[in-house]
Amino acid sequence: MICPKLKAAKDIVYSPRRLSRPLLKDQNGIFMEVSWDKALDKIAERFLFFKNNYGAESVCWLRGMAADWGAPWDYVNRLMNAFGSPNTIGNGSVCHVGRELAHTVTYGAMTMPLISSSRCIIIWGKNDMDTNPGAAENILQARENGAFLIVVDPVKTFLAEKADIWLQIKPAHDGLLAMAMIHEIIAKNYYDASFVDKWTTGFELLRQAAEPFSAEKVAGRIGLDPEMIRKAAHLYAKTAPACIVDGNGLDMQLDTFDATRSVCILRALTGNLDIKGGDFIPQPVRVRNIQLKDRISEEIQPITRGYTLFNNFHETWGKHVQSCLIDSILDEKPYPIKMLVSQAGNPAVTMMDSNRVEQALEKLDYLVVIDMFMTRTARMADVVLPASGCFEKKQLNRAFIRNSPVRIQDSVIEPVMESRPDWMIIFELGRRIGLEAEFPWQTVEEAINYQLEPAGITFEMLREHPEGIRTDEIQFEKYKRNGFNTPSGKVEFHSGRLSSNGLSGTPYLNGYLTHPISFDDRKDQYPFVGISGARDNRFTHTQFHQVKTLARKNAGCIVDIHKSDADAYGIVAGDMIMIETPRGRIKMKGELNESVQPGVIRIAWGWGDIDPDCSLNRLTDDELRNPVIGTPSGRTFMCRIRKVSDSS
Ligand SMILES: Nc1nc2c(c(=O)[nH]1)N[C@H]1C(S)=C(S)[C@@H](COP(=O)(O)OP(=O)(O)OC[C@H]3O[C@@H](n4cnc5c(=O)[nH]c(N)nc54)[C@H](O)[C@@H]3O)O[C@H]1N2
Ligand SMILES: Nc1nc2c(c(=O)[nH]1)N[C@H]1C(S)=C(S)[C@@H](COP(=O)(O)OP(=O)(O)OC[C@H]3O[C@@H](n4cnc5c(=O)[nH]c(N)nc54)[C@H](O)[C@@H]3O)O[C@H]1N2
Ligand SMILES: [Mo]
């Protein structure tokens, strides 16, 4: 399965819209091309200015997904920590890292589903066919080899269609389903009693927590037949080995943390942890931590200070509650951020409640954007630096922080025009703000060799082994020797780390959320559940929509509506539909579709950069957030629809 983006790689890399030179805004707000020296000197001067006048913490670095698994994350943290600001913020509150915390609290690390050798696979909120075709191929292959497939998704995805059991759950209610499965597995004694006995804590509390959530009691609330829930619980618990693939469908939900934790508990309850065909506890490669976290004194709190557990659960994951940045700028709490560097992201479009985000970006004293294209965020900047894309640079693939093997992403061409790789921009900026000692490296190879030294791996070795290098043989049931990497050394159905932070130690022990969906309290005016999706295999978020060969005249910028709802509203395919929430409104073409449930609409994601009228985050809320990981509900919200014009 070749990704269309790869087929269009040449059009992306050599796009006439690529940024070619650094741009600096003049007094009239017009971008002027300048040399790299001039742009970097200006930025360095601003770093020092804000540090001297407001403290280093008034400067923040926000990182988007485009460099996500690349080592520039470590370099930026190093730069900011050595500079004295704890405010390096990623987007993990809405993507992946929040789930990683839920796994880690439960059994010490985020597991990896071993699909190929599994007999029963649950896909929980993941749509690999469009988002990770290689993984979809694995699942199809396992299916051909006889593995059962259960899909939990409110939408009939490609894999849902192929599943033995498709649980078309009401969006944002995954926690209830997982608890109902836990209830059933405990009640029917389907669980792995010897594993639970020896290797878990808090089983009695879990039993109590699950008590109110029998399949009968939960089914109506989540739009499923109780018998289907029982069947799924039986099939999963009684087929060994089994694994669960959890995805971004669980992220961006007010309930992400407890919902993911209850899914994690299912893995442990059924004895599927760290076995072949189950959910593997990774064996990360031990490399040097180059982030220099100890340079930040305890007295300087990060703007994400309300999320201590999330800030500190991993030695190099760092901080991720990006919404705190907006609070800090607009409400000046806990203190104001004055200067922002936005690298490899397009927050004006991709962060929730974009009206508020835009206000915040406007209010900043100084905004630097590092990107390949002139995005909506870049247009608001004081200075824009042209970044080289992934084919034009060498970087260490940071996936090794989760699992071996360690790999490099090698360059295949030189940087296009005057663009520069992110690492070079960071190193040069570091040296200009007085961090010559911390950034002595002239090439990225030197930096990579320094970081990999403890593992005995060098850049040259990695170049000879593009498939990557492992330092340890894969081993199963490692906990039998070392225990789990939790305070008790066991799987924690009840977590003291959570309860001592004032959170529920066992999921839903104190009941279920009153409002799992934003604007849920205004259902009478906003009767539809809006979900954000689908991701289209031609695009990544707001990227590539301007590439003609991919965009095909905005095809795909649509809202999926169930036929029965469309009939009730007099809507036919192709009509222009207004979608509205208390935060804002957008317009998109309607498409009648039976892959969504009645009462649910699915709104195409990622079109906001080329067309603000289609910018989904104009609808989303950023006020209600998950207490543990700070995610707002960007995935699901109540909304209303209205036909604005005919398809003709
Ligand atoms: N083509 C393409 N590929 C991408 C990206 C892209 O933008 N475009 N983005 C990349 C990034 S950063 C990420 S994080 C991944 C994300 O990739 P995935 O993890 O696959 O996530 P999504 O495609 O956002 O959503 C997965 C599924 O969750 C379902 N879902 C929606 N709401 C709920 C719910 O309440 N409960 C459950 N159980 N399911 C729900 C959706 O219907 C969808 O089928 O994709 C990566 N790959
Ligand atoms: N409502 C709603 N909101 C969402 C989502 C959703 O499904 N619904 N998805 C969420 C998720 S999972 C994520 S991960 C975020 C993504 O949020 P962002 O990270 O803001 O998403 P992108 O639009 O992919 O922006 C990446 C930018 O990096 C640039 N870029 C590409 N390669 C490079 C590079 O090598 N170096 C540099 N410096 N720049 C580069 C691209 O041109 C692009 O402008 O959005 C989140 N927001
Ligand atoms: Mo993501």
Side-chain angles (χ1 to χ4, degrees), residues 3-5 12 18-19 62-68 70 72 90-92 94-96 123-133 135-136 151-160 167 169-174 177 245-253 255 259 263 322 342-352 354 369-378 385-393 395 419 421-422 425 516-517 529-545 595-596 600 602-603 605-606 608-609 615-617 619-620 632-637:
C3 167
K5 297 183 282 291
I12 296 169
R18 276 286 294 270
L19 293 168
L62 182 69
R63 241 186 50 120
M65 66 77 64
D68 231 333
N91 67 9
V94 299
C95 176
H96 184 94
I123 313 281
W124 207 307
K126 201 154 194 294
N127 179 22
D128 282 324
M129 196 60 190
D130 292 326
T131 59
N132 190 352
V151 171
V152 184
D153 201 303
V155 176
K156 193 194 272 180
T157 59
F158 175 85
L159 289 172
L167 298 169
I169 190 172
K170 178 171 180 192
H173 287 72
D174 299 272
L177 173 62
V245 182
D246 55 286
N248 196 231
L250 284 169
D251 290 330
M252 289 178 270
Q253 307 275 18
D255 194 27
V263 171
Q322 46 178 6
S342 168
Q343 177 208 0
N346 191 2
V349 186
T350 57
M351 282 177 69
M352 272 105 251
S354 20
V369 168
I370 310 176
D371 204 297
M372 296 165 65
F373 292 94
M374 184 53 81
T375 61
R376 278 188 191 271
T377 309
L385 302 177
S388 306
C390 58
F391 299 110
E392 302 152 49
K393 61 187 174 190
Q395 58 180 354
S419 71
D422 292 82
I425 298 171
I517 302 182
V529 177
I531 60 175
S532 100
R535 297 188 195 282
D536 188 311
N537 66 6
R538 294 166 297 160
F539 311 116
T540 305
H541 309 288
T542 70
Q543 299 180 62
F544 317 130
H545 293 265
S595 50
V596 291
V600 174
R602 179 174 61 163
I603 308 160
W605 163 241
D609 196 71
S615 198
L616 197 152
N617 278 322
L619 304 177
T620 51
S633 176
R635 168 75 63 189
T636 322
F637 41 89

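All ligand and atom numbering here is 1-based and tracks the order in the structure.
- Looking only at side-chain heavy atoms (C-beta outward), P154 and V600 stay at 4.5 Å or farther from each other.
- For ligand 1, the atoms lying closer than 4.0 Å to a non-hydrogen atom of D130 are 1 (N), 2 (C), 3 (N).
- Using a 4.0 Å cut-off between heavy atoms, L616 contacts ligand 2 through its side chain alone, with no backbone atom that close.
- In this structure, of P171, P4, P154, the residue bringing a heavy atom nearest to atom 33 (C) of ligand 1 is P154.
- Counting heavy atoms closer than 4.0 Å to ligand 2, residue D609 contributes nothing at all.
- Contacts between T375 and ligand 2, counted as non-hydrogen atom pairs separated by less than 4.0 Å, involve the side chain only.
- Ligand 2 has no nitrogen or oxygen under 3.5 angstrom from a nitrogen or oxygen of A387.
- In this structure, OG1 in T350 is found 10.0 Å from CE in M65, a value given to the nearest 0.5 Å.
- For ligand 1, the polar-atom distance check finds no N/O of D128 at less than 3.5 Å from any of the ligand's N/O atoms.
- Counting heavy atoms only, D153 comes closest to atom 29 (C) of ligand 1 of the residues V94, N91, D153.
- One side chain, T542 or N346, offers a donor N or O that lies under 3.5 Å from an acceptor on the other.
- To the nearest 0.5 Å, the span separating CE on M372 from SG on C390 amounts to 7.0 Å.
- Taking a cut-off of under 4.0 Å to the non-hydrogen atoms of A172, the atoms of ligand 1 that pass are 34 (C), 35 (O).
- Within the 4.0 Å heavy-atom criterion, the part of N617 lying near ligand 2 is the side chain and not the backbone.
- The shortest N or O to N or O distance between I169 and ligand 1 is not below 3.5 Å.
- Interface atoms of ligand 2 facing F373, defined by a heavy-atom separation under 4.0 Å, are 42 (O).
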Taking it one step at a time, do M351 and N617 satisfy side chain to side chain contact (heavy atoms under 4.5 Å, CB included)?
-> CA-CA 7 Å; M351 282 177 69; N617 278 322; 5.7 Å; no
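- Close approach of ligand 1 to T157 (heavy-atom distance below 4.0 Å) involves ligand atoms 44 (O).
- Contacts of H173 with ligand 1, taken as heavy-atom pairs under 4.0 Å, are absent altogether.
- Interatomic distance, S419 OG to I425 CD1, rounded to the nearest 0.5 Å: 8.0 Å.
- Atoms CG and NZ, from N537 and K5 in turn, are 6.0 Å apart once rounded to the nearest 0.5 Å.
- Under 4.0 angstrom from ligand 2, the non-hydrogen atoms of N248 all belong to its side chain.
- The side chain of M352, and not its backbone, has at least one atom closer than 4.0 Å to an atom of ligand 2 (non-hydrogen atoms only; side chain from C-beta on).
- In this structure, the separation between NE2 on H96 and CG on N91 is 11.0 Å, given to the nearest 0.5 Å.
- Nearest approach of D251 to N248, heavy atoms of both residues: OD2-ND2, 2.7 Å.
- Checked against a 3.5 angstrom limit, the closest N/O atoms of T131 and ligand 1 fall inside it.
- Not close to ligand 1: T636, with no non-hydrogen atom less than 4.0 angstrom away.
- Interface of G634 with ligand 2, defined as ligand atoms under 4.0 Å from a residue heavy atom, comprises 1 (N), 2 (C).
- Around atom 20 (O) of ligand 1, the closest heavy atom drawn from V600, T350, N127 belongs to N127.
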Which is it for S532 and I603 under the side chain to side chain contact (heavy atoms under 4.5 Å, CB included) test, yes or no, and what are the steps along the way?
-> CA-CA 5 Å; S532 100; I603 308 160; 5.7 Å; no
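- A heavy-atom separation below 4.0 Å is found between K393 and ligand 2.
- Of the polar atoms of M372, none of the N or O atoms is found under 3.5 Å from an N or O of ligand 2, judged by distance alone.
- Considering backbone and side-chain N/O atoms, Q343 never comes within less than 3.5 Å of an N/O atom of ligand 2.
- Comparing heavy-atom distances from atom 41 (C) of ligand 2 across L19, V369, D371 singles out D371 as nearest.
- Within ligand 2, the atoms closer than 4.0 Å to a non-hydrogen atom of T542 are 22 (P), 23 (O), numbered from 1 in the order shown.
- With rounding to the nearest 0.5 Å, the separation of OG in S354 from CG in L616 is 8.5 Å.
- Between W605 and H541, the angle of the ring planes goes over 60°, which puts this pair in the perpendicular group of the 30/60° scheme.
- By the criterion of a heavy-atom distance under 4.0 Å, the side chain of M252, and not its backbone, is placed next to ligand 2.
- Those atoms of ligand 1 that come under 4.0 Å of a heavy atom in C95, given as number and element, are 14 (S).
- Backbone and side-chain nitrogen or oxygen atoms of Q543 are examined, and one is located within less than 3.5 angstrom of a nitrogen or oxygen of ligand 2.
- Of all the heavy atoms of W605, none lies under 4.0 Å from any atom of ligand 1, so neither backbone nor side chain is involved.
- Ligand 2 does not have G533 within reach: every non-hydrogen atom of the residue lies 4.0 Å or more from it.
- The heavy atom nearest to atom 37 (C) of ligand 1, out of those in V596, D174, N132, is found in D174.
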Going through the checks in order, is the side chain to side chain contact (heavy atoms under 4.5 Å, CB included) test met by D153 and L159?
-> CA-CA 10 Å; D153 201 303; L159 289 172; over 6 Å; no
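- Residue contact check for ligand 2: R535 places a non-hydrogen atom closer than 4.0 Å to it.
- With atom 1 (N) of ligand 1 as the reference point, the heavy atom nearest to it among I123, D536, D246, T540 is part of D536.
- Closest approach of P632 to M352, counting heavy atoms only: CG-SD, 3.6 Å.
- Here is the list of ligand 1 atoms found below 4.0 Å of a heavy atom in G125: 26 (C), 27 (C), 28 (O), 37 (C), 38 (N), 39 (N).
- Side-chain contact check for D174 and Q253: no donor-acceptor pair (N or O, by modelled atom type) lies under 3.5 Å.
- The shortest N or O to N or O distance between R538 and ligand 1 is not under 3.5 Å.
- Here is the list of ligand 2 atoms found below 4.0 Å of a heavy atom in D422: 34 (C), 35 (O), 36 (N), 37 (C), 38 (N).
- Within ligand 1, the atoms closer than 4.0 Å to a non-hydrogen atom of V155 are 42 (O), numbered from 1 in the order shown.
- Ligand-side atoms of ligand 1 in range of G247: 19 (O), range being under 4.0 angstrom from any heavy atom.
- Contact annotation: for R635 versus ligand 2, there are no heavy atoms closer than 4.0 Å.
- The atoms of ligand 2 that sit less than 4.0 Å from any heavy atom of G64 are 19 (O).
- Shown in contact with H541 at under 4.0 Å from a heavy atom are these atoms of ligand 1, numbered in order with element: 6 (C), 7 (O), 9 (N), 10 (C), 11 (C), 12 (S).
- Heavy atoms of A344 found under 4.0 angstrom from ligand 2 belong to the backbone as well as the side chain.
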